Amino acid sequence: MDGRQLLDWYSQHRRSFPWRTPFPRDPYLVLVAEVMLQQTQASRVAELLPRFLARFPRLEDVAAAGEDQVVAAFAGLGYYRRARLLHRLAQQLVQRGWPQDPHQLRQLPGLGPYTAAAVAAFAFGHLTPPVDGNLARIAARLLALPLSAHSAQLRRQATALFSQMAQSQSTPALFEALMDLGATVCRPVSPLCGQCPLAARCLAFQKGRPEDFPLPKPQRARETPTWLALWLENPAGEVLLRPITEPPLQGLWLPPLERGSGEVETRLRRLLGELGLGGEPKAVGRLSHRITHRLITVLVFRLSVPPQVGENGRNGRWVSVEANVPTSSLAYKIARLVAEAESQRSITYG
DNA sequence: AAGACGGGGCA
DNA sequence: TGCCCAGTCTT
């Protein structure tokens, strides 16, 4: 399988993204994009990458910034450990320079087999395949391998297959072609085999069962906790954010949350007690938020408080709504719910 | 090898 | 809802 048909297909169907500049690419751009692309949809990265680059135009800017600033620039992307590792990585690279070999890149914090290969390929022209979910799935189907998507075996087979293909074409563009093929044609469900340039060579297609490969991964049990969120607003229009001290969302700043269990009223009192507050919070509404295998229901309450209540390191700090702090999408969801409730109220009673 | 870790999109 | 996504790190 030489991959020429694939490159032909790619020349007609290439998707455009901010990080897809001509080869060889700026290593910094590749690095940031690839780290963001870890388990994050390309469309989402396309939205948020420009914001990050505007805040940190150069690698040196990341290295010189505080960790929290880098995490803040990742807000909305999830997997915030990536931002912390990227910060460490930037400092190492500024100190010691860029390795170009995938094996050496692999040693750096935050770069696993995929990202190390991707940076080596797209920034430095190496032909080691960055095996992501797309490449693994395509390999499983081409060879009709009954292996689960994340198995080490499948990864090895995919590496061997696409390594050979890349040698014959000698361009890392082949890897992008495979990723686009996986995203748009060789999709996880309902693959469009009629449009696939590799269908003639695909054993899964010949079997008539493309969707049987790779094997589905066993599903995990799901938790469905209920959290309470308290939206506190002072007369200056600021809201109180607190750092979360335990995972999930550890280290991020959100409105005070109560993540225990039991009766809602009891838990609300407990939360108020922690903050040294009294008063009668008003129920604003509920929202749902998913974190990995958890499906979380968040009950949102609001309360207006006098100035300076709860102002200290442990209990949080008052910030304006648009403050640049490390936070999560959940904070935006809560803010949106409160804002919507507010506008409803002014419409209804206004 | 398995579990933890965000969040959005889609059928 | 259930599953997937340009994964990595820890145990």
Side-chain angles (χ1 to χ4, degrees), chain A residues 15 17-20 25 29-49 71 74-86 88-89 105-122 129-138 147-155 158 162 172 175-184 186-191 211 214-224 244 246-252 254 287-298 326-333:
Chain A
R15 294 183 300 169
F17 289 116
W19 54 91
R20 287 194 172 175
R25 293 179 185 154
L29 173 63
V30 174
L31 176 68
V32 175
E34 292 300 339
V35 167
M36 287 185 175
L37 285 162
Q38 293 165 6
Q39 291 290 286
T40 303
Q41 290 173 344
S43 58
R44 186 70 174 158
V45 174
E47 282 174 42
L48 298 181
L49 177 63
V71 176
F74 255 65
L77 284 163
Y79 287 131
Y80 299 99
R81 184 173 54 178
R82 295 182 295 179
R84 302 192 168 91
L85 292 169
L86 179 62
R88 259 211 281 153
L89 173 54
L105 285 163
R106 175 69 182 84
Q107 308 308 311
L108 298 169
L111 301 197
Y114 166 78
T115 312
V119 172
F122 300 137
V131 179
D132 64 354
N134 290 309
L135 273 67
R137 182 173 60 257
I138 294 171
L147 298 172
S148 82
H150 288 343
S151 78
Q153 265 211 65
L154 178 53
R155 211 179 57 193
F162 297 131
F175 304 136
E176 276 184 358
L178 286 164
M179 290 169 184
D180 278 9
L181 187 74
T184 62
C186 195
R187 309 183 294 194
V189 296
S190 326
E211 286 184 86
L215 264 36
K217 89 175 163 196
Q219 64 180 35
R220 304 224 357 233
R222 172 172 109 251
E223 295 169 37
T224 58
I244 293 191
E246 292 181 5
L249 305 182
Q250 183 169 25
L252 303 182
L254 285 98
L287 57 85
S288 85
H289 188 70
R290 188 160 29 180
I291 296 180
T292 314
H293 65 285
R294 277 170 276 243
L295 181 57
I296 304 157
T297 299
V298 182
T327 190
S328 139
S329 292
L330 178 55
Y332 302 131
K333 284 190 189 174

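Every chain is numbered from 1, with letters handed out A, B, ... down the list of sequences. Not measured: the values here are computed from a predicted model.
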Gap in Å between the two [atom1] atoms, one belonging to [N] and one to [M], rounded:
N	M	atom1	value
dA11(B)	dA6(C)	P	15 Å
dT1(C)	dC5(B)	P	22 Å
dT10(C)	dG7(B)	C1'	22 Å
dG6(B)	dC4(C)	C1'	14 Å

Determine whether Pro248(A) and Thr292(A) make a side-chain contact, defined as any pair of heavy atoms from C-beta on separated by less than 4.5 Å. no
Should Phe122(A) and Arg20(A) count as side-chain neighbours, where that means a heavy-atom distance under 4.5 Å? no
Contact class for [X] vs. all strands (heavy atom < 4.0 Å): base, sugar-phosphate, or nothing?
X	result
Leu249(A)	sugar-phosphate
His150(A)	nothing
Arg44(A)	sugar-phosphate
Thr40(A)	base
Arg84(A)	nothing
Thr292(A)	base
Pro247(A)	sugar-phosphate
Arg294(A)	sugar-phosphate

Starting the side chain at C-beta, find the nucleotide from [options] nearest to [X].
X	options	answer
Tyr79(A)	dC5(B), dC9(C), dA6(C)	dC5(B)
Tyr80(A)	dG7(B), dA6(C), dG7(C)	dG7(B)
Pro188(A)	dG8(B), dC5(C), dG6(B)	dC5(C)
Gln38(A)	dC5(B), dG9(B), dG7(C)	dG7(C)

Length of the line joining [X]:[atom1] and [N]:[atom2], which is rounded to integer Å:
X	N	atom1	atom2	value
Leu49(A)	dA6(C)	CG	P	17 Å
Leu105(A)	dG7(C)	CG	P	18 Å
Leu287(A)	dG7(B)	CG	P	12 Å
Phe17(A)	dA6(C)	CZ	P	10 Å
Arg290(A)	dT1(C)	CZ	C1'	8 Å
Gln107(A)	dC9(C)	CD	P	10 Å
Leu295(A)	dG8(B)	CG	P	14 Å
His293(A)	dT1(C)	NE2	C1'	16 Å

Would you tell me if any nitrogen or oxygen in the side chain of [X] comes within less than 4.0 Å of OP1 or OP2 on [N]?
X	N	result
Arg137(A)	dC5(C)	yes
Gln39(A)	dG7(C)	yes
Thr115(A)	dT8(C)	yes
Ser329(A)	dG8(B)	yes
Arg106(A)	dC9(C)	yes

Residues at least two apart in sequence or cross-chain that pass ring-ring contact (aromatic ring centres under 6.0 Å, His included) with Phe17(A), listed by chain then number, are Trp19(A)
Ignoring hydrogens and angles, tell me if any N or O in the side chain of Arg82(A) forms a donor-acceptor pair with the backbone of Met36(A) under 3.5 Å. yes
Treating Glu211(A) as the side-chain partner and Ser190(A) as the backbone partner, does any N or O pair qualify as donor plus acceptor under 3.5 Å? yes
Is there a donor and acceptor pair, one atom on the side chain of Arg82(A) and one on the base of dT8(C), closer than 3.5 Å? no
Between the base of dG7(C) and the side chain of Tyr114(A), is there a donor-acceptor distance below 3.5 Å? no
Which sits closer to the 5' end of DNA chain B, Ala152(A) or Ile291(A), going by the nucleotide each is nearest to? Ala152(A)
Under a 3.5 Å cutoff, is there a donor and acceptor pairing between the side chains of Tyr114(A) and Glu34(A)? yes
